[in-house]
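Here the structure is a predicted model, which is why all the values come from computation and not from measurement.
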Amino acid sequence: MSSTETEADRHPPTALIVGASRGLGHAMAAELFDRGWNVIGTVRDATARTLLHDLADRSDGRVSVEHLDINEPDQLAPLRERLGPRELDVLFVNAGTTSHEQAPIGAVPTADFIDVMVTNALSPMRVIETLEDLVSPTGLIGVMSSGQGSITNNTSGSREVYRGSKAALNMFMRSFSVRQSETRRAFVLMAPGWIRTALGGPDAPYTMEEAVPRVVDVLLSRLGKPGLEYLDRFGQTVPW
C-alpha cells in the first residue's frame, strides 16, 4: 500500500440501489459509481436490457445487476441469498408509482389504491426488513419519499392516493427506525423535488443532472449520523 492510498481506495464502499433500471435510481447508481463506489442495482424485468446494464458493462466489475420485482415477496429471500456475505454501506429503495392523480380519494378504484400503496409503502419496507442485516452497523438505509408525503405542506390537495402512500412510507420508516434506535445507522426519507422523470413528467422544473448529485450529497452527508431524517435535496428538513 502506498502512502497516498486511502481507505476508500483499499475498500471502496458499496451501495445497493433497489429500482435502478432507469430514472432516478439509475442516475443515483451512475453518480455513486462516478464517485468511486461499488454499486449493486436491481431491475424488475429479468429479460430486458436497461441503462443499468449499460453502466455495468463499462464499470470494470464495479456495477452489478440483480433481478427484483419488489411487489413479488417471494423474490426477496433468493436475492438475500445471492448477496450472501456482502456488506452494504448504503441500502436505498427507489420505488414509486401513481394513479388517478386528480381524483379525490373516494373515487379511486380499490385495485388502483392497493397497487399504489403496496408499491410505494409496503414493498419498500419488505425489502428493508429482508436486507437490513447486510447493512453496516454505521451504514445508511434510505427510501425515496416525496415532499408530497408531508401532511404539513399539503396546501393544494390533488394526487391524494400518491400523497397518502408516501405519508404511509414515512410512518413505516419512522417505526422501523425506532426499532433500530440502539444502532448507529442513519435513516433517510429523501424528498428529491419535482424532477423530469417518467413519474415526474416533462413539465417538472429540474433535470436529473441538476438534482441527482445533490440527492447523493445529502445521503452521503448522513453517513455516521444515527437517526431518521426527512430531507430534501438541499439537506433541509421537510416537515412531517
If only side-chain N and O atoms count, and only distance matters, is there a donor-acceptor pair under 3.5 Å linking Asp89 with Ser136? no

[X]: side chain to side chain contact (heavy atoms under 4.5 Å, CB included) partners, not counting sequence neighbours:
X	value
Thr155	none
Asn170	Ser145, Leu189, Tyr230, Trp240
Ser158	Gln102, Arg163
Pro73	Arg126

Does any pair with a residue in residues 27-42 pass salt bridge (Lys or Arg N to Asp or Glu O under 4.0 Å), and if so which ones, sequence neighbours excluded? Glu31-Arg35, Arg35-Asp217

Criterion side chain to side chain contact (heavy atoms under 4.5 Å, CB included) against Val116, the qualifying member of Thr97, Val108, Thr98: Thr97

If you look at every heavy atom in [X] and [Y], which pair is closest and at what distance?
X	Y	value
Pro192	Met190	CD-O, 3.4 Å
Val118	Pro124	O-CD, 4.0 Å
Ala20	Leu52	O-CB, 3.4 Å
Ala56	Val63	CB-O, 3.5 Å
Pro12	Gly36	CB-O, 3.6 Å
Asn94	Gly25	ND2-N, 3.3 Å

Can you establish whether the number of heavy atoms outside [X] located under 6.0 Å from its atom [atom1] is more than 12?
X	atom1	value
Phe113	CZ	no
Arg214	CZ	no
Ile105	CD1	yes

Any link between [X] and [Y] through a network of hydrophobic side chains (Ile, Leu, Val, Met, Phe, Trp, Tyr) touching at under 4.5 Å?
X	Y	result
Val238	Val212	no
Leu88	Met125	yes
Met28	Val18	no

Pairwise distance [atom1]([X]) to [atom2]([Y]) - rounded to 0.5 angstrom:
X	Y	atom1	atom2	value
Thr14	Arg62	OG1	CZ	10.0 Å
Ile128	Phe187	CD1	CZ	9.0 Å
Leu140	Glu229	CG	CD	11.0 Å

Would His26 and Ile17 count as a side-chain contact (heavy atoms from CB on, under 4.5 Å) here? Give the steps. CA-CA 8 Å; His26 167 261; Ile17 308 296; over 6 Å; no

Heavy-atom distance under 4.5 Å between the side chains of [X] and [Y], does that happen here?
X	Y	value
Leu231	Thr237	yes
Glu132	Gln180	yes
Arg22	Val43	no
Ile141	Arg185	yes
Pro109	His100	yes
Leu24	Met144	yes
Val143	Phe92	no
Leu122	Met117	no

Looking at Ser123 and Ile70, would you say the former's side chain and the latter's main chain have a donor-acceptor pair under 3.5 Å? yes

So Leu16 and Thr42, side-chain contact (heavy atoms from CB on, under 4.5 Å) or not? Walk me through it. CA-CA 8 Å; Leu16 170 58; Thr42 72; 4.0 Å; yes

Distance under 6.0 Å and angle within 45° of ring axis: Arg159 vs Tyr162: yes

Show the numbers, then the answer: is there a side-chain contact (heavy atoms from CB on, under 4.5 Å) between Asn154 and Gln148? CA-CA 7 Å; Asn154 183 7; Gln148 295 193 12; over 6 Å; no

Using residues 74-83 as the side-chain source, report each donor-acceptor pair under 3.5 Å to any protein atom, sequence neighbours left out, with the distance given to one decimal.
residue	atom	partner	partner atom	Å
Gln75	OE1	Asp69	N	2.7
Arg80	NE	Asp133	OD1	3.2
Arg80	NE	Asp133	OD2	3.4
Arg80	NH1	Gly84	O	3.2
Arg80	NH2	Asp133	OD2	2.7
Arg82	NE	Glu66	OE1	2.7
Arg82	NH2	Glu66	OE1	3.2
Arg82	NH2	His67	O	3.1

